[in-house]
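Structure record follows, encoded as structure tokens.
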Amino acid sequence: MQEFLIEQVDSRHSKPALKVNDFFVHSKYDPIIEAERIASLNYEIHHTHIVFGYGLGYIVDALLGKVHSEKIIIIDPLIEKGILDIESRHKNTEQIIYWGNNQVNTLAFTISRIASGLDLKIKIICAPNYDKLFMKEYYELLKYISEFQNKTIVNQNTVVIFSEQWQSNLAQNILPIIQDETLSVLHNKFDLPIVVASGGPSLTKQLELLKQIKEHVIIIAAGSTINSLLAARIEPDFVISIDGGEPNYNHFKELRIENARLIYSVFNHPGVRKSFEKRAFVFAETSQLPITKYLYEKFDIDLPLITGGGTVAHFSLSIAQLFNSGPIAMIGQDLAYTDNLSHAANNKHSENIDSSDPNLVWTDGYYGEKVLTSRVFLSMKVTFEEMLRFQKPSVPLFNCTEGGVKLAGYKQIPFKEFVDIYVDKNVVKDLGEIDGEKYSRKTKEELLIILDEEIKILDILDRRLLEALNLLEKNDSKTSFNKKILKKLDKIDTQIESLTKDIQIHFLVNPIVIEIGNCFLEKPNETPEETYERVYKQTKTLYTRLLAAIKLSKQNVRAISQLLNNKKENI
């Protein structure tokens, strides 16, 4: 274990410098001027500032003189080892947050909580010589932040690109949702080992063993993995599907599945549900609290909120843990192009990968080797690692993929070893008790009344937004808003906020929030004219985009109403 010799050394000015082993982490001439220079060069408005290397806190002092609403995160291995402490002047300061590896929350979660939607705006400031003292830790921090930002870009782009599709899917899923069960009924329902099968290339070599034990374990298939399993004559017990796009539907549209049960999210492609005969189970993800409130208040549906990272692989693992059944084995979770393949055999998207593609990267593999992967896979890897840190599994969890990337924190054992230790072939599963009869929570007439009320609310919102845009145009000043107009706009904003809670518009509003949050930020040293112009454009964009969202939402609701009216029988 490395030892550290800490010395406070008098500088040529009043404040002492700090020396760690042979390295000065503050200037021995004037640490205050040095800290001011570092802060001036690195401070950026609207950014979360991560200071790697606290020392005696001079850089943090200098940053505090510059930040406004921005936060400062301190990371220092010497503090984590108990060798240094945060100075009393920085303790309990609202804008300063200390983070270390022993914290319950991950660094990514900490950043997201304090960044107010500006997760991509991160500035890392390394104190002098800390990159030499802690080269490994500093490299890991840079890599982690890079992967976190990549994950954020992927997630934000997904929200923006698919928002309209997801909102349409939610509307079309209302009818099956009110007839299916919620995922909550499966909590603590079983007492068997679970195998979560994902579609990575290494799944192919595990299928023969999985086939041998299929009657003695619960098998969960992540999305399109269903085709690889069926080709090997393995019908899973559950199939998780969360993807709202047409490509996901293409994996299912030709299937007629008798025994496997679908577990789907509220924005899953509505066509997928038609491929499953048995009663299905519905959930929402943790970021969709407004949707769960809407479904509960309108349709008496109390959906569980499941943690995931935006992909079916993450949700499959979370759901396996919700079952709380027994030890869990992950197979086929490569997150890499093992043997230059994209997927396991018989996956409709399986293809050979060109390893010379400049968009691909190398990372640490399952066996310690380097494996070829993509930035999307790396963002998924970060989420898997955060999930394990953020919520410790209550049952043994093993990565039995035997290929692909190395998932930090996960126990790795061969799949055969998992089977030998945990699978009792004398126990045969029987899941018949969860297959109840279908019923509907609402009659056709009740649903039509609910949808008609929603159209009326959308009409009111339409009128309020047009009124707000008209008020904006009437404001004469170029530096401030008229007080009467501002008061009226505030009243309209309050009405909009209240009314949008009663309609299905969550997915359409999300990309608007992302755009408003990132495109209209205050500039340094803004003039009154620039501030007014920015706020005016921000407000006008908000109202205009909300109007378009209302129009789309009306189309979705009317389409479902028409579908119901065309049904001769009750639902």
Side-chain angles (χ1 to χ4, degrees), residues 1-103 105-107 110-111 114-115 121-146 148-149 524-525:
M1 183 177 178
Q2 185 180 3
E3 294 185 1
F4 296 94
L5 178 62
I6 309 296
E7 299 178 74
Q8 284 199 21
V9 181
D10 291 336
S11 68
R12 294 187 179 182
H13 293 268
S14 57
K15 296 288 186 179
L18 190 71
K19 188 178 181 182
V20 181
N21 294 348
D22 295 324
F23 295 101
F24 280 94
V25 300
H26 300 302
S27 169
K28 60 182 179 181
Y29 300 104
D30 195 328
I32 303 303
I33 289 180
E34 177 194 52
E36 286 290 343
R37 178 180 59 80
I38 292 172
S40 296
L41 287 171
N42 289 279
Y43 168 75
E44 290 191 40
I45 191 171
H46 305 304
H47 282 60
T48 298
H49 296 81
I50 299 176
V51 178
F52 182 77
Y54 177 75
L56 297 175
Y58 299 139
I59 295 175
V60 173
D61 287 332
L63 281 172
L64 280 174
K66 298 180 181 301
V67 297
H68 301 284
S69 58
E70 304 95 341
K71 304 293 186 183
I72 302 168
I73 298 176
I74 298 168
I75 298 177
D76 192 325
L78 293 175
I79 294 176
E80 192 165 332
K81 295 174 187 295
I83 298 171
L84 282 183
D85 195 10
I86 295 176
E87 299 289 329
S88 59
R89 66 184 184 276
H90 292 153
K91 290 181 178 178
N92 303 317
T93 302
E94 183 181 350
Q95 287 179 283
I96 298 174
I97 296 160
Y98 167 72
W99 186 87
N101 282 304
N102 57 351
Q103 302 287 305
N105 292 332
T106 65
L107 180 56
T110 302
I111 293 170
I114 66 176
K121 294 185 177 293
I122 301 170
K123 188 73 177 181
I124 300 176
I125 304 171
C126 182
N129 289 317
Y130 258 77
D131 54 341
K132 298 182 180 70
L133 285 162
F134 302 101
M135 187 181 299
K136 179 176 179 289
E137 290 86 346
Y138 185 53
Y139 167 77
E140 288 177 348
L141 173 63
L142 294 176
K143 182 182 177 186
Y144 181 89
I145 294 299
S146 175
F148 166 71
Q149 290 180 307
N525 305 313

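Other residues, nucleotides and ligands contribute at most 12 non-hydrogen atoms within 6.0 Å of the OH atom of Tyr139. Annotation: Lys19, atom NZ; neighbour count of heavy atoms from other residues, nucleotides and ligands within 6.0 Å is above 12. Applying the 6.0 Å contact sphere to NZ of Lys15 captures no more than 12 heavy atoms from other residues, nucleotides or ligands. Around CZ of Phe4, the count of heavy atoms belonging to other residues, nucleotides or ligands within 6.0 Å exceeds 12.
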Go through the steps to decide whether Leu107 and Ile75 satisfy the test side chain to side chain contact (heavy atoms under 4.5 Å, CB included), and finish with yes or no. CA-CA 10 Å; Leu107 180 56; Ile75 298 177; 4.0 Å; yes
Please report the C-alpha distance between Thr93 and Ile72 in whole Å, then the side-chain angles of each, then the deciding distance to 0.1 Å, and finally whether the side chain to side chain contact (heavy atoms under 4.5 Å, CB included) criterion is met. CA-CA 10 Å; Thr93 302; Ile72 302 168; over 6 Å; no
Check step by step if side chain to side chain contact (heavy atoms under 4.5 Å, CB included) holds for His90 and Leu64. CA-CA 10 Å; His90 292 153; Leu64 280 174; 4.0 Å; yes
Val20 and Leu84: side chain to side chain contact (heavy atoms under 4.5 Å, CB included), yes or no, with the steps? CA-CA 11 Å; Val20 181; Leu84 282 183; 5.8 Å; no
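Using cut-offs of 30° and 60° on the angle between ring planes, the pair His49 and His47 is tilted. Taking the six-membered ring where tryptophan is involved, the planes of His68 and Tyr43 are perpendicular, since the angle between them exceeds 60° and thus also 30°.
Separating the CD atom in Glu34 from the CD1 atom in Ile59 is a distance of 6.5 Å, to the nearest 0.5 Å. Atom CD1 of residue Ile73 and atom CD1 of residue Ile125 lie 11.5 Å apart, to the nearest 0.5 angstrom. For the atom pair Ile114 CD1 and Ile111 CD1, the distance stands at 7.0 Å (nearest 0.5 Å). Put simply, OG1 on Thr110 and CD1 on Ile97 are 7.0 Å apart, with the number rounded to the nearest 0.5 Å. A distance of 9.5 Å separates CD in Glu137 from CG in Leu78, rounded to the nearest 0.5 Å. Going from atom NZ of Lys123 over to atom CD of Glu44 covers 4.5 Å, rounded to the nearest 0.5 Å.
The heavy-atom pair separating Gly53 from Ala127 by the smallest distance is O-CB, 3.3 Å. Closest approach of Asn21 to Glu3, counting heavy atoms only: ND2-O, 3.4 Å. Ile45 and Pro524 get closest at one heavy-atom pair: CG2-CG, 4.0 Å. Across Pro16 and Tyr58, no two heavy atoms sit closer than the pair O-OH, 2.7 Å. The minimum heavy-atom distance linking Gln8 with Leu56 is given by the pair NE2-CD2, 3.7 Å. Across all their heavy atoms, Tyr130 and Gly55 have their closest contact at OH-N, 3.7 Å.
Between Ile38 and Pro128, some side-chain heavy-atom pair lies under the 4.5 Å cut-off. Under the 4.5 Å side-chain criterion, counting only non-hydrogen atoms from C-beta, Leu133 is in contact with Val25. Between Asp131 and Phe52 the shortest side-chain heavy-atom distance does not fall below 4.5 Å.
Neither side chain, Glu87 nor Tyr54, offers a donor N or O lying under 3.5 Å from an acceptor on the other.
Listed for the Glu80 side chain is a donor-acceptor partner under 3.5 Å among the backbone atoms of Asn101. Side chain of Ser40 to backbone of Glu36: a donor-acceptor contact under 3.5 angstrom is found.
For Asp61, the salt bridge (charged side-chain N to carboxylate O under 4.0 Å, His left out) partners two or more places apart in sequence, or in a different chain, are Arg89.
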